[in-house]
Amino acid sequence: MHNDPKHHSVRKIVLPSGKSIEVVRFNDTDAPPSRGLHICPDCDSDLIQPVAWSEAAEECWELVLSCPNCWWEAEGIYTQEQVEALEEHLDDGLADMLDDLQRLAQANMADQIDRFITALQGDHILPEDF
């Protein structure tokens with residue numbers, strides 16, 4: 001496990017109950033990140049996303065890329081390899097979001113169960129509640 005902040009990120013999530021959890025994500029590599037299409041040239045955010053695309057000549061793609069962090073936007077023609085690398089990064093981001101959603105749902109359920117148990121123990125649930 002690395003203690004270097006470059007090797008992990010922490011995201012704080014606040015549950016509807018007000019309870020907060022921290023999701024820690026560790027990077028598995030010591031290599032410096034290469035600058036791909038997913039990195040914003042203005043703010044270095046790795047949240048670049050395609051907002052429009054079409055096929056171009058010779059196995060290339062014309063993309064309009066946008067950064068939701070600083071609103072940078074650019075249009076360009078990129079190789080198939082560049083587009084596949086961007087797509088892989090977007091797929092990894094989607095997998096991370098789905099993992100975070102599952103952890104959030106589990107934390108929410110645990111919180112609801114705790115509140116239900118407290119209500120049961122305090123005789124706050126009556127037959128007419130059902």
Side-chain angles (χ1 to χ4, degrees):
M1 187 177 298
H2 301 286
N3 291 329
D4 186 347
K6 295 177 187 174
H7 295 286
H8 75 277
S9 63
V10 178
R11 182 182 302 166
K12 186 175 183 178
I13 299 174
V14 178
L15 303 175
S17 67
K19 183 178 177 182
S20 65
I21 61 172
E22 288 185 347
V23 177
V24 179
R25 217 180 267 133
F26 292 93
N27 300 329
D28 293 333
T29 180
D30 290 332
S34 62
R35 195 156 196 71
L37 293 181
H38 65 281
I39 304 292
C40 178
D42 281 359
C43 71
D44 289 327
S45 167
D46 69 346
L47 299 175
I48 293 294
Q49 53 199 332
V51 292
W53 54 89
S54 62
E55 285 187 67
E58 300 177 21
E59 295 187 27
C60 290
W61 290 86
E62 183 175 355
L63 300 178
V64 176
L65 301 174
S66 177
C67 176
N69 191 50
C70 70
W71 301 109
W72 170 88
E73 192 169 281
E75 183 175 342
I77 296 180
Y78 304 98
T79 66
Q80 182 72 30
E81 292 80 23
Q82 288 174 303
V83 173
E84 286 173 359
L86 175 62
E87 186 176 36
E88 185 176 317
H89 179 77
L90 293 172
D91 288 346
D92 290 346
L94 177 59
D96 288 345
M97 285 193 314
L98 292 174
D99 289 344
D100 288 348
L101 176 62
Q102 183 178 11
R103 282 191 287 274
L104 178 61
Q106 288 172 343
N108 254 345
M109 183 60 71
D111 183 59
Q112 289 175 356
I113 290 169
D114 290 344
R115 288 188 287 146
F116 185 69
I117 289 170
T118 301
L120 280 174
Q121 290 172 342
D123 288 329
H124 299 292
I125 297 185
L126 304 172
E128 53 268 11
D129 291 329
F130 295 96

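Hydrogens, waters and symmetry mates are skipped; everything else that's a heavy atom, side chains included, is used. Everything numeric in this text was worked out from a predicted model, so none of it was measured.
- A distance of 9.5 Å separates CG in Asn69 from CG in Asp46, rounded to the nearest 0.5 Å.
- Closest non-hydrogen pair, Glu75 versus Val64, comes out as CG-CG2, 3.9 Å.
- Interatomic distance, Ile113 CD1 to Asn108 CG, rounded to the nearest 0.5 Å: 11.0 Å.
- Distance check, rounded to the nearest 0.5 Å: CG of Leu63 to CD1 of Ile48 gives 11.5 Å.
- Here CZ of Arg115 is found 12.0 Å from CD1 of Ile117. Values are rounded to the nearest 0.5 Å.
- Between the CD atom in Gln49 and the CG atom in Leu86 there is a gap of 9.5 Å [rounded to 0.5 Å].
- Hydrophobic clustering (ILVMFWY, side-chain heavy atoms < 4.5 Å, transitive): Met109 and Leu101 are in distinct clusters.
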Subject >> Evaluation steps, side-chain contact (heavy atoms from CB on, under 4.5 Å), between Leu65 and Tyr78 >> reply: CA-CA 11 Å; Leu65 301 174; Tyr78 304 98; 3.8 Å; yes

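- Hydrophobic clustering of Ile, Leu, Val, Met, Phe, Trp and Tyr side chains at less than 4.5 Å, counting indirect connections, unites Leu37 with Leu90.
- Side-chain contact between Trp72 and Pro41 is present, with at least one heavy-atom pair separated by less than 4.5 Å.
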**OP:** Determine, stepwise, if the pair Leu98 / Gln102 fulfils side-chain contact (heavy atoms from CB on, under 4.5 Å).
**Re:** CA-CA 6 Å; Leu98 292 174; Gln102 183 178 11; over 6 Å; no

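- Counting heavy atoms from C-beta on, the side chains of Trp53 and Val83 never come closer than 4.5 Å.
- Rounded to the nearest 0.5 Å, atoms CD (Glu87) and CD (Gln80) are 8.5 Å apart.
- In this structure, the side chains of Cys67 and Asp42 stay at 4.5 Å or more apart for every pair of heavy atoms.
- Under a hydrophobic-cluster definition in which Ile, Leu, Val, Met, Phe, Trp and Tyr are linked whenever side-chain heavy atoms come within less than 4.5 Å, directly or via other members, Ile77 and Trp61 are assigned to different clusters.
- Taking a 6.0 Å sphere around CD of Glu88, one finds it holds 12 or fewer heavy atoms contributed by other residues, nucleotides or ligands.
- The pair Arg103-Asp99 fails the salt-bridge criterion, with no side-chain N (NZ, NE, NH1 or NH2) lying under 4.0 Å from an Asp/Glu carboxylate O.
- The shortest heavy-atom contact between Pro68 and Leu47 is CD-O, 3.3 Å.
- Shown here for Cys40 and Cys43, the closest heavy-atom pair between the two residues is SG-N, 3.4 Å.
- Checking side-chain atoms of His89 against main-chain N and O of Ile39 turns up no donor-acceptor pair under 3.5 Å.
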